Amino acid sequence: MIFSLSRGRTAARCAAAALLAAATVTSLFAQPAPGASPRIDAIRKAGELRVGVLQNAPWLLENTTGTGEPWSGPAWLLANEYARQLGVKLRTVPVSHETKVPVLAANQVDMTISPLGETPERLKVVDFVIYSATSVCMFGRADNAKLGKANSVEDLNRPDVTIAYFTGGAEEGWVKERFPKAKLRAVASSGATAPIEEIMARRADAAPINRVPWVGLQQKVKGLAVLPKDNNCQSSTEKASPVGLAVDKNQPAYLDWLRQVAHAQKTRLDADEARIVGGLK
């Protein structure tokens with residue numbers, strides 16, 4: 001009996017090991033054959049994957065402590081996965097807001113992992129590997145009856161609702177298009193992420209805020225509510241803009257492989273983004 005039990009446990013361990021090995025193999029996507037992707041051929045030959053880096057929370061954060069990984073976030077996880085599957089080391093290349101796109105055409109990096117919003121203008125010169133999105137929430141006081149009655153963002157588009165926004169802010173044009181029936185209150189930017197003073201003073205019923213800083217604002221200021229309500233607005237599609245890494249144009253085999261790997265890593269990347277957003281203040 002003891003011998004049989006031992007054999008059973010051994011067999012079970014072997015089966016588990018086989019499943020783990022199979023999972024590891026299947027997680028490695030078939031890379032373009034030699035000659036099919038000049039970019040991948042060059043990366044393999046150099047033994048390194050060059051990535052442009054510039055902090056942009058929550059997708060890429062620099063670690064300035066001097067210990068541990070130099071960067072963190074979904075973009076860093078994805079870059080490391082690419083390097084792992086290619087069997088090369090990862091080399092970071094600092095970029096600026098002005099150079100993070102031009103370095104691709106100049107062949108100074110193989111990809112820019114500093115997170116970029118996909119726009120029609122950028123799509124003319126680079127291709128994207130999308131793994132996230134930025135979007136907008138509408139927030140107000142939880143004790144505001146008008147906000148309390150609203151079940152969706154659309155419910156705020158009423159003549160009796162006042163919506164505050166920063167003049168010249170990123171949401172100004174969107175607010176005017178999204179809420180044509182509401183009373184709009186334009187205010188000068190105070191340097192804050194949203195016109196919170198207008199909300200707390202009850203001069204406005206609701207105001208827009210990017211979904212990422214909303215989580216930190218909610219932690220700092222008690223008694224606020226948000227729309228959309230689901231997932232604390234983290235799944236909002238309001239004013240949504242795709243976010244991802246960028247590569248130079250006209251590299252179809254390289255781009256297809258990068259997108260396959262990113263798709264397979266989506267759950268892991270989403271979890272890491274949620275972890276970072278939850279810790280932002």
Side-chain angles (χ1 to χ4, degrees), residues 54-61 73-74 97 114-119 132-243 270 272-281:
L54 177 66
Q55 178 163 297
N56 187 353
W59 303 286
L60 185 65
L61 293 90
H97 289 295
S114 178
L116 290 166
E118 183 184 78
T119 65
S132 186
T134 183
S135 56
V136 169
C137 311
M138 295 298 295
F139 77 98
R141 294 177 63 118
D143 61 1
N144 183 300
K146 297 174 185 176
L147 191 68
K149 293 178 182 178
N151 293 315
S152 67
V153 171
E154 179 58 32
D155 291 339
L156 298 176
N157 188 28
R158 306 197 315 264
D160 63 328
V161 173
T162 299
I163 295 176
Y165 64 90
F166 285 141
T167 301
E171 293 84 16
E172 179 176 3
W174 174 80
V175 165
K176 292 177 178 179
E177 292 181 5
R178 187 70 176 84
F179 306 103
K181 298 178 182 178
K183 296 178 183 177
L184 304 183
R185 181 178 175 83
V187 297
S189 176
S190 62
T193 56
I196 182 66
E197 297 89 351
E198 301 300 306
I199 297 299
M200 300 311 293
R202 299 184 186 274
R203 291 189 291 267
D205 301 301
I209 185 172
N210 184 280
R211 70 167 180 87
V212 174
W214 155 250
V215 177
L217 178 65
Q218 181 187 39
Q219 294 172 356
K220 289 180 180 178
V221 183
K222 303 303 179 183
L224 298 178
V226 72
L227 292 171
K229 299 177 182 179
D230 291 346
N231 194 26
N232 196 26
C233 187
Q234 293 308 293
S235 302
S236 171
T237 58
E238 299 290 340
K239 198 180 182 295
S241 175
V243 172
D270 287 348
D272 198 49
E273 179 181 322
R275 175 188 65 82
I276 294 172
V277 169
L280 293 177
K281 301 295 184 182

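All values below were derived from every heavy atom in this structure, side-chain atoms included, with hydrogens, water molecules and symmetry-related copies excluded. Everything numeric in this text was worked out from a predicted model, so none of it was measured.
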Are any non-hydrogen side-chain atoms of [X] and [Y] less than 4.5 angstrom apart?
X: Ser135; Y: Glu238; value: no
X: Gln218; Y: Asn232; value: yes
X: Asn56; Y: His97; value: no
X: Met138; Y: Ile163; value: yes
X: Ser235; Y: Asp230; value: no
X: Phe166; Y: Ser190; value: yes
X: Thr167; Y: Ser189; value: no

Which pair of non-hydrogen atoms, one from [X] and one from [Y], has the smallest distance, and what is that distance?
X: Leu156; Y: Ala182; value: O-CB, 3.8 Å
X: Ala133; Y: Trp59; value: O-CZ2, 4.1 Å
X: Gly278; Y: Val215; value: CA-CG1, 4.2 Å
X: Arg202; Y: Arg141; value: NH2-NH2, 2.9 Å
X: Ile276; Y: Gly73; value: CD1-CA, 3.5 Å
X: Ser152; Y: Leu227; value: O-CD1, 3.5 Å

Take Phe139 and Leu147, measure what side chain to side chain contact (heavy atoms under 4.5 Å, CB included) needs, and give me the verdict at the end. CA-CA 8 Å; Phe139 77 98; Leu147 191 68; over 6 Å; no
Carefully, step by step, assess Ile196 and Leu224 under the rule side chain to side chain contact (heavy atoms under 4.5 Å, CB included). CA-CA 10 Å; Ile196 182 66; Leu224 298 178; 4.1 Å; yes
Within this structure, what is the [atom1]-[atom2] distance for the pair [X] and [Y], rounded to the nearest 0.5 Å?
X: Thr237; Y: Arg211; atom1: OG1; atom2: CZ; answer: 12.0 Å
X: Leu184; Y: Arg178; atom1: CG; atom2: CZ; answer: 12.5 Å
X: Asp272; Y: Arg275; atom1: CG; atom2: CZ; answer: 4.5 Å
X: Ile209; Y: Leu217; atom1: CD1; atom2: CG; answer: 4.5 Å

Is the side chain of Lys229 donor-acceptor paired with the backbone N or O of Val226 at a distance under 3.5 Å, no angle test? no
Under a 3.5 Å cutoff, is there a donor and acceptor pairing between the side chains of Asn210 and Thr134? yes
As a test of understanding, state which of Lys146, Lys183, Arg185, Lys149 forms a salt bridge (charged side-chain N to carboxylate O under 4.0 Å, His left out) with Asp205.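 Single salt bridge (charged side-chain N to carboxylate O under 4.0 Å, His left out) partner of Asp205 among Lys146, Lys183, Arg185, Lys149: Lys146.
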